[in-house]
Amino acid sequence: MFQGSFFTNLLFTKKGSDNIDRENIRSNQKALTLVELVITLAIISFLTLIIIQVFAMNNAMANNQLKESAQRHEIRAAAAYLTEDIKFSKAINFDIAKPNELIITDKDDQSIIYYIAADAEGNNYLKRQAATETEFKEIKDVSFSLDNSTLVSAKLITDIANNKFNEFKITSLGTQVALSLPVELTPEEKFRQFVLNESVFIYGSELTFAGNECVFEEGTIFVTDDFSGRINGGAKIKVKHLYTNGDLAVSQGHTLGLVDESNIIFINGTLTFDGGAKMYGDVNVNENLVMNNGTINGNVNVAGNATLSGNPTINGDINVKGDLIWGGGTITGNVYVGGKLIIQGWPTVNCSLVNVAGDVELLGGTIGVDDYKANRFNVYTGGNLIIKGWSRINGNVDTIIVNKDLEVNGGSIKGKSSTIRTNVYVNNSVKLQQCNLSNTNLKYVVNYSSGSTYNSSVSITKIKGNQIPEIPGFTIYEGFEMPIYELPPLKPDEWYNINGYKSELTLSNNKKIFVNNFNPASVDASSNVIIVSKKDVNLNVKSWGKLTGVVFAPNGKVTFTGGGFTGIVIARDGFFVNSGGIKVESRNISEFIKNVEDYPF
């Protein structure tokens, strides 16, 4: 029994051991097979990706080759057409102002025109218009030029962005190319074009307005001299474009411009702003800006110096070529200064950006505010930053970059908090005396000196010059070129007689008047009149009536008294509206006179 049990147990044990080994072997074999499968799949995926990339590259190359082949084909076809057309042409017309157009007359007196057309998607292409039209869709632009009277150069452009083109020259067999040069307009033609295109309503040396409202929402006022102090208090001048060839003084609650700020005002002199005046639209000043009070809703560009005092507001950017002396008021946009920025008195500078090419002198007031919700902005100076007295730079100033020295004597620089700090970079030296710095990271390049300075949560580090962030550049305003138009003279007397003008002092609808001096005691209310005078025009409309039409006094002035005027006034010595509380409106001259040839000037 014992032996049998022993051998039985032994056999049983051996058999069980063999079973366990075989199970382990099977398990290992399964594990190896799974790893091999994963590796095989990875290799297949990698090879598939490579194959796809190679296929895509080959496909792109094939597409490029097809495109280049199509371009070469169209270049050859266009060159063949041009060569044939030019070589055997009867006439060739080339306008230097239209370099992508060529007009050819063939031997049968048929016109052939080469020009740039556009498809429904707005893609440009070369088109040959003849008895049958030919389109060259792969040629995106063309430029013709004339080497001499019989030699034409053609530049066919297939890729504008990469400047890919083919250029060749074609000689006509004896045909002289007719070259069209830009036509120089006469002074009279330039003035007519200006009046028509700019919807000129008033042109003269002066505008005096005692009324309530001038409406020129699509029109232009052009004052050929200073425009100062001759507008009724509270009057509104709603004008698209205002030109004054001299100074402009705005005060007493005047309003100039359009509320939607779509207008532009050009001042070829100094702008003086005071009282509760308002101005809308972009303002361009060729000399200086002096703003004591009032509001400008738009961008302001000044080619001279600017001075702000009192409590003015500029709701927009300001760009000053010279110095900006900021003694009061608010600018909500960006501040660009080509000279120095001097902040004095106690203004609060809380704008979008301060970028100054010269020094910034903070002699009073603050840059930035302590309001934690206020937008943060940067201050850049291409010169020195000098802070004196009790002046402060407050917490919503994010970054200050000083290209030269920082000098603080009695002022303070305070970041918003220990975690929202003001970063100050100085490209030269720092000198601090009796000042307060807090929540600030100060980094300088050359020297640092400090005396009687209270610092709280301040990091001061010397760095290399190449670690100073670059100050963003800006374009300094250089002024505008004032358009100058000569007031055209009167036409010969015979022209007015032939064209239905009457030598009378009475008015009625659709009447045309030509006189030496129009100065009746009164006139009837009338519409669509044309009045031409060799001297002055005095319009005193009966019963507070209204008048519409065109008034032309090239050697005098126009004076109006009545209930309202709608039309155009062109007078050398200005337009004087004596009636209070009335409305004056502009119209384009084309509403009264359809043909330019019929203009009375």
Side-chain angles (χ1 to χ4, degrees), residues 198 200-210 214 216 219-257 263-310 312-314 316 318-329 338-339 477-487 557 569-577:
E198 295 287 331
V200 173
F201 166 63
I202 296 171
Y203 187 96
S205 62
E206 185 172 341
L207 171 61
T208 295
F209 185 69
C214 283
F216 322 115
T220 296
I221 296 176
F222 197 110
V223 180
T224 60
D225 205 337
D226 293 341
F227 185 14
S228 304
R230 296 188 290 268
I231 304 175
N232 178 41
K236 298 178 177 63
I237 309 293
K238 299 178 180 179
V239 62
K240 184 75 171 180
H241 294 133
L242 170 63
Y243 295 88
T244 175
N245 195 27
D247 298 338
L248 172 62
V250 186
S251 62
Q252 302 177 27
H254 300 154
T255 299
L256 293 179
N263 59 289
I264 306 176
I265 296 174
F266 300 92
I267 303 160
N268 196 27
T270 293
L271 170 61
T272 303
F273 218 86
D274 207 343
K278 292 182 180 179
M279 188 175 284
Y280 294 92
D282 291 345
V283 180
N284 301 285
V285 183
N286 266 355
E287 293 185 6
N288 301 317
L289 168 67
V290 180
M291 195 171 181
N292 299 317
N293 277 298
T295 302
I296 297 177
N297 295 296
N299 299 320
V300 180
N301 301 303
V302 182
N305 300 316
T307 302
L308 306 182
S309 61
T313 299
I314 297 176
I318 185 169
N319 189 319
V320 181
K321 181 180 180 180
D323 298 338
L324 170 58
I325 301 175
W326 195 339
Y477 182 68
E478 296 291 343
F480 66 91
E481 184 176 352
M482 185 72 177
I484 300 298
Y485 298 95
E486 295 181 23
L487 195 63
K557 64 182 180 181
V569 175
I570 299 173
R572 184 193 65 189
D573 298 333
F575 183 36
F576 299 79
V577 179

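Here, residue 1 is the first one in the sequence, and each next residue gets the next number. Since the model is a prediction, treat every value here as computed from it, not as a measurement.
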Report task. Grab the two heavy atoms, one from Pro312 and one from Asn292, that are nearest each other, plus how far apart they are. Result -> CD-O, 3.7 Å
Report summary line: Residues Asp323 and Asn305: closest non-hydrogen pair is N-OD1, 2.8 Å
Query - Beyond-backbone contact of Leu289 with Val300, side-chain heavy atoms, under 4.5 angstrom - result: yes
Report summary line: Note: Tyr280 and Thr255 closest approach over all heavy atoms is CE1-CG2, 3.7 Å
Requested in this report: Please name all residues satisfying salt bridge (Lys or Arg N to Asp or Glu O under 4.0 Å) with Lys557, sequence neighbours left out, ordered by chain then number.
Outcome: none
Report summary line: Residues pairing under salt bridge (charged side-chain N to carboxylate O under 4.0 Å, His left out) where one sits in residues 234-243, two or more places apart or in two chains, turn out to be Glu213-Lys238
Report task. Before giving the answer on side chain to side chain contact (heavy atoms under 4.5 Å, CB included), spell out for Thr224 and Tyr203 the whole-Å C-alpha distance, their side-chain angles and the decisive distance to 0.1 Å. Result -> CA-CA 7 Å; Thr224 60; Tyr203 187 96; 3.8 Å; yes
Side-chain atoms of residues 479-487: list all donor-acceptor pairs with protein atoms under 3.5 Å, sequence neighbours left out, distances to 0.1 Å.
none

Query raised in the report: So, the side chain of Thr244 versus the backbone of Asp225: is there a donor-acceptor pair under 3.5 Å, distance only?
Result: yes
Query raised in the report: Roughly how far, to the nearest 0.5 Å, is the CG atom of Leu256 from the CG atom of Leu271?
Result: 9.0 Å
Query - Shortest non-hydrogen contact from Glu198 toward Thr220 - result: O-OG1, 2.7 Å
Query raised in the report: Roughly how far, to the nearest 0.5 Å, is the CG atom of Leu248 from the CD atom of Glu287?
Result: 12.5 Å
**Report entry** Donor-acceptor under 3.5 Å (Ser205 side chain, Arg572 main chain)
**Finding:** yes
Query - All side-chain hydrogen bond (donor to acceptor under 3.5 Å, both in side chains) counterparts of Asn288, not counting sequence neighbours - result: none
Report task. Indicate yes or no for a side-chain donor-acceptor contact from Asp226 to the backbone of Asp247 under 3.5 Å, with no hydrogens or angles considered. Result -> yes
**Report entry** Partner residues of Ala235 under the side-chain contact (heavy atoms from CB on, under 4.5 Å) criterion, sequence neighbours left out
**Finding:** Phe209, Ile231, Asn232
Report summary line: Sequence neighbours excluded, the answer for side-chain hydrogen bond (donor to acceptor under 3.5 Å, both in side chains) partners of Asp274 is none
Query raised in the report: Is the closest side-chain heavy-atom distance between Met291 and Ile314 below 4.5 Å?
Result: yes
Report summary line: To the nearest 0.5 Å, atom NE2 of His241 lies from atom CZ of Phe266 at 6.0 Å
Report summary line: In short, Leu207 meets Phe227 closest at the heavy-atom pair O-CE1, 3.5 Å
Query raised in the report: Looking only at heavy atoms, which two atoms of Asn286 and Ala303 are closest? And how far apart?
Result: O-CB, 3.5 Å
Query raised in the report: Side chains of Asn301 and Asn284: do they bring a donor and an acceptor to under 3.5 Å?
Result: yes
Query raised in the report: Measuring from Phe273:CZ to Ser251:OG, what's the distance to the nearest 0.5 Å?
Result: 9.5 Å
Query raised in the report: Rounded to the nearest 0.5 Å, what separation is found between the CD1 atom of Ile221 and the OH atom of Tyr243?
Result: 12.5 Å
Query raised in the report: Quick one: which of Val302, Val223, Val283 gives a side-chain contact (heavy atoms from CB on, under 4.5 Å) with Ile267?
Result: Val283
Requested in this report: For the residue pair Leu308 and Leu324, establish whether any side-chain heavy-atom pair is separated by less than 4.5 Å.
Outcome: yes
Query raised in the report: With no hydrogens and no angle check, is any side-chain donor or acceptor of Asn245 less than 3.5 Å from a backbone partner on Asn268?
Result: no
